[in-house]
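Below you'll find the structure, written out as structure tokens, and then a few comments.
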Amino acid sequence: MSDTDRSDPAGQHAERAAAEESADESDGGRSIAVYAQWAAFAILVLVALIATLQFYFSASAAIDTFVTSRYRPLFNAAFNLVVLLGCGLGISVLVRRLV
């Protein structure tokens, strides 16, 4: 079977595809779904920032309570590194999906 559809002998399918592409280009090539994804990204980043700050301060208080003063800087550094890597990973995954 050939690449062309028998019910579309005049190439109307190609014309419709070109018309849809030109309609997309007229509004900057972005659809409402892309804007919704960016809005969801901004909301998730804000919520993640608030949750991360609350978790950070709670975990720091727990470290102060349960870890002796000799090892607190080590535990705080390790905890801060884990938080930073987790945030970086999550944001990079979302950015790859949006771009």
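Distance check, rounded to the nearest 0.5 Å: CD1 of Ile63 to OG of Ser58 gives 11.0 Å. To the nearest 0.5 Å, atoms CG (Leu49) and CG (Leu44) are separated by 12.5 Å. To the nearest 0.5 Å, the span separating CD1 on Ile32 from OH on Tyr35 amounts to 9.5 Å.
Annotation: ring pair (Phe, Tyr, Trp, His ring centres under 6.0 Å) contacts of Phe79 (sequence neighbours excluded): Phe55, Tyr56. Applying the side chain to side chain contact (heavy atoms under 4.5 Å, CB included) rule to Ile50 yields the partners Leu46, Gln54; only residues at least two apart in sequence or on another chain are considered. Residues meeting the side chain to side chain contact (heavy atoms under 4.5 Å, CB included) test with Val95, sequence neighbours left out: Phe41, Ile91, Val99.
Here salt bridge (charged side-chain N to carboxylate O under 4.0 Å, His left out) pairs that include residues 72-88, with residues two or more places apart or in two chains, are Asp64-Arg72. Applying the salt bridge (charged side-chain N to carboxylate O under 4.0 Å, His left out) test to pairs two or more places apart or on separate chains, none has a residue in residues 87-99.
Both Phe57 and Val67 are part of a single hydrophobic cluster, where members link through side-chain heavy atoms under 4.5 Å apart.
Cluster partners of Val82: none. The rule joins Ile, Leu, Val, Met, Phe, Trp and Tyr whenever side-chain heavy atoms lie under 4.5 Å apart, and it links nothing here. Residue Leu81 shares its hydrophobic cluster (ILVMFWY side chains chained together at separations under 4.5 Å) with Leu85.
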